[in-house]
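One structure is given below, encoded as structure tokens.
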2 protein chains.
Amino acid sequence: MPRPRSLSHAQLASAALAVIDRDGLAGLSMRSVAKELGMSTMALYRYVDDREELERLVVDLVLGTVDTVPPGPEAPWHDRIEVLVRRLRDAVAAHPEIVPLTVAHRHRSLAGLRWSESVLGVLTEAGFDGDRRVVALRGLLGYVIGAIQLEHLGPLSGEGTVAITELPPDAFPHMTETARHARKVSADREFLGGLALLLRGLGT
Amino acid sequence: MPRPRSLSHAQLASAALAVIDRDGLAGLSMRSVAKELGMSTMALYRYVDDREELERLVVDLVLGTVDTVPPGPEAPWHDRIEVLVRRLRDAVAAHPEIVPLTVAHRHRSLAGLRWSESVLGVLTEAGFDGDRRVVALRGLLGYVIGAIQLEHLGPLSGEGTVAITELPPDAFPHMTETARHARKVSADREFLGGLALLLRGLGT
DNA sequence: ACCTGAACACCGTTCAAGT
DNA sequence: ACCTGAACACCGTTCAAGT
């Protein structure tokens, strides 16, 4: 008598995310997730091809919480895009340890693709098409991915800055001075400021 | 009689890079590098604290080839920055497998910091200071890091696009259309186009 | 001082076996 | 059909020992 499948993909992803939130990304392994679920390690392979697919499930779980319905069409298009970017950033910020996973599995996550689709919708309504639309999406994706990583890897305004402040000032005059100044710039201002530059560059 | 140190940091880094170029980043291990050098695995720990430091040496080796002398001051500042960005991109493109390493060790690599110092120099000569300079550097770093990764991880114009073209067009109308269009956009145009947006946003 | 080899505590995954 | 445990081929790193 065939036993029913006892696990859903969602349960699997939640267990993996629980491990990551508790022990960090380094704590994630097939064995640790299996233990979290009270099953044998090999049972996971009933539900998932390999570790990579498990990671993708985690990314989809987190990015799946992002509301991809574009905000009201009465707002200027650059404000609408900023809202979409903020939602993505906030979702990742709730689980900063998954940043490397989002990067690695970006183009295979359905939730991530849905977000891009939504951004493209706004761009299209704003009149972007052809090469310009490709470059706009690519530019936004590049910035968002890079900036989110910087933010959780020692941004110019965070702990990384302290190390930079202690560099030899004669070899790094601008870096040390900028780092000192950067300590007073909030992470929000840095992230959104860079985004504003990009959106301004996109403006007609 | 104490034997002389038989290895330099540079030799160690070259051996590791040779392993990466031949077997990919997944092939990099303390054991494989030791074998490449014809030594025991543990001998490496005479020269390096741990694997992380070995990775940093590789990043410094590659980024160390970047010419960080800013191009002629007679050129417009945005052209000067573009040249610096292109040099960094080209150096990484020669060893695409190290992309994850450059990201992970970005703020601990002296060569990387030297590049940032050079960019800051140009920005300063162009009249940027205070918060504006912090945001400008942060925005450039974010874009460069993210865009370089996209480029070597299935960019909108590369293999990733093929997968996207095959998405259900009713759920992803803009993505499928944009991806089809993106196939004709070169990687150079995508990367430099996004950078141009950012630089344009920086302009007064 | 420099280098080695065994050992420890981990990995992801294959395979044969149990219910 | 679903789950298990042993085993394989790897990791990074500690430690005691050799020259």
Side-chain angles (χ1 to χ4, degrees), chain A residues 1-61 97-98 100-105 108, chain B residues 1-61 97-98 100-105 108:
Chain A
M1 176 150 80
R3 286 198 244 168
R5 234 175 167 74
S6 70
L7 239 54
S8 69
H9 272 181
Q11 286 173 290
L12 223 165
S14 306
L17 187 58
V19 170
I20 292 172
D21 286 339
R22 185 180 353 103
D23 302 324
L25 185 56
L28 181 73
S29 71
M30 300 303 277
R31 283 168 173 87
S32 63
V33 173
K35 182 174 280 183
E36 180 78 17
L37 291 163
M39 320 181 65
S40 82
T41 303
M42 294 317 300
L44 300 187
Y45 286 87
R46 287 276 123 202
Y47 302 92
V48 115
D49 274 350
D50 48 23
R51 183 192 160 121
E52 201 188 318
E53 192 181 342
L54 177 64
E55 292 179 351
R56 190 156 39 84
L57 289 179
V58 174
V59 173
D60 264 328
L61 177 65
E97 290 280 330
I98 70 150
L101 301 186
T102 59
V103 175
H105 304 293
R108 258 176 225 120
Chain B
M1 175 148 83
R3 287 198 245 167
R5 233 175 169 74
S6 69
L7 241 53
S8 69
H9 272 184
Q11 286 174 290
L12 222 163
S14 306
L17 187 57
V19 170
I20 292 173
D21 285 339
R22 183 179 356 102
D23 303 324
L25 186 56
L28 181 73
S29 71
M30 300 303 275
R31 282 169 173 87
S32 63
V33 174
K35 182 173 283 184
E36 180 79 17
L37 291 164
M39 321 181 65
S40 82
T41 303
M42 294 316 300
L44 301 187
Y45 287 88
R46 286 276 123 202
Y47 302 92
V48 114
D49 274 350
D50 48 24
R51 183 192 161 119
E52 201 188 317
E53 193 182 343
L54 177 63
E55 292 180 352
R56 190 154 40 84
L57 289 179
V58 174
V59 172
D60 265 328
L61 177 64
E97 290 280 329
I98 70 150
L101 302 186
T102 60
V103 175
H105 303 292
R108 258 176 225 120

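Here is how names work: the chains are called A, B, and so on, in the same order as the sequence lines, proteins then strands, and each is numbered from 1.
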Open item on the list: Between A:Ser6 and D:dC3, is there a contact of a side-chain N or O with OP1 or OP2 at under 4.0 Å?
Closed with: yes
Task: A:Ser40 vs D:dG5: side-chain N/O to OP1/OP2 distance below 4.0 Å - done: no
Which whole-number value in Å describes the distance from [X] [atom1] to [N] [atom2]?
X       : N      : atom1 : atom2 : answer
A:Leu7  : D:dT4  : CG    : P     : 11 Å
A:Arg31 : D:dA6  : CZ    : P     : 12 Å
A:Leu44 : D:dG5  : CG    : C1'   : 14 Å
A:Arg46 : D:dA1  : CZ    : P     : 9 Å
B:Lys35 : D:dC11 : NZ    : C1'   : 14 Å
A:Met30 : D:dG5  : CE    : C1'   : 16 Å

Open item on the list: Using a 4.0 Å cut-off on heavy atoms, which residues in residues 48-59 of chain B reach DNA chain D? List them by number, or say none.
Closed with: B:Asp50, B:Arg51
In the structure I gave you, are the side-chain heavy atoms of [X] and [Y] within less than 4.5 Å of one another anywhere?
X       : Y        : value
A:Arg51 : A:Leu28  : yes
B:Val59 : B:Arg108 : no
A:Asp49 : A:Leu54  : no
B:Asp23 : B:Ser32  : no

Taking [Y]'s backbone N and O only, do any of them form a donor-acceptor pair with [X]'s side chain (distance below 3.5 Å, no angle check)?
X       : Y       : answer
A:His9  : A:Tyr47 : yes
A:Glu53 : A:Asp50 : no
A:Glu97 : A:Leu25 : yes

With respect to the side chain of [X], which nucleotide from [options] is positioned closest?
X       : options               : answer
A:Met39 : C:dC11, D:dT4, D:dG12 : D:dT4
A:Ala43 : C:dT14, C:dT4, D:dC3  : D:dC3
A:Met42 : D:dC2, D:dT13, D:dT4  : D:dT4
B:Tyr45 : C:dC2, D:dC2, D:dT13  : D:dT13
A:Tyr47 : C:dC3, D:dC2, C:dT13  : D:dC2

Open item on the list: Stem finding on DNA chain C, please: runs of three or more consecutive Watson-Crick or G-U wobble pairs, both distances under 3.5 Å, sorted by first number.
Closed with: C:4-8 with D:12-16, C:12-16 with D:4-8
TODO: Using the closest heavy atom to pick a nucleotide of DNA chain D for each, name whichever of B:Leu28 or A:Thr41 lands nearer the 5' end.
DONE: A:Thr41
- [ ] Identify whether the distance between the nearest side-chain nitrogen and carboxylate oxygen of B:Arg56 and B:Glu52 falls below 4.0 Å.
- [x] no
Which donor-acceptor pairs under 3.5 Å do the side chains of residues 33-46 of chain B make with protein atoms, sequence neighbours left out?
residue: B:Glu36; atom: OE1; partner: B:Arg22; partner atom: NH2; Å: 2.3
residue: B:Glu36; atom: OE2; partner: B:Arg22; partner atom: NH2; Å: 3.3
residue: B:Ser40; atom: OG; partner: B:Ala43; partner atom: N; Å: 3.3

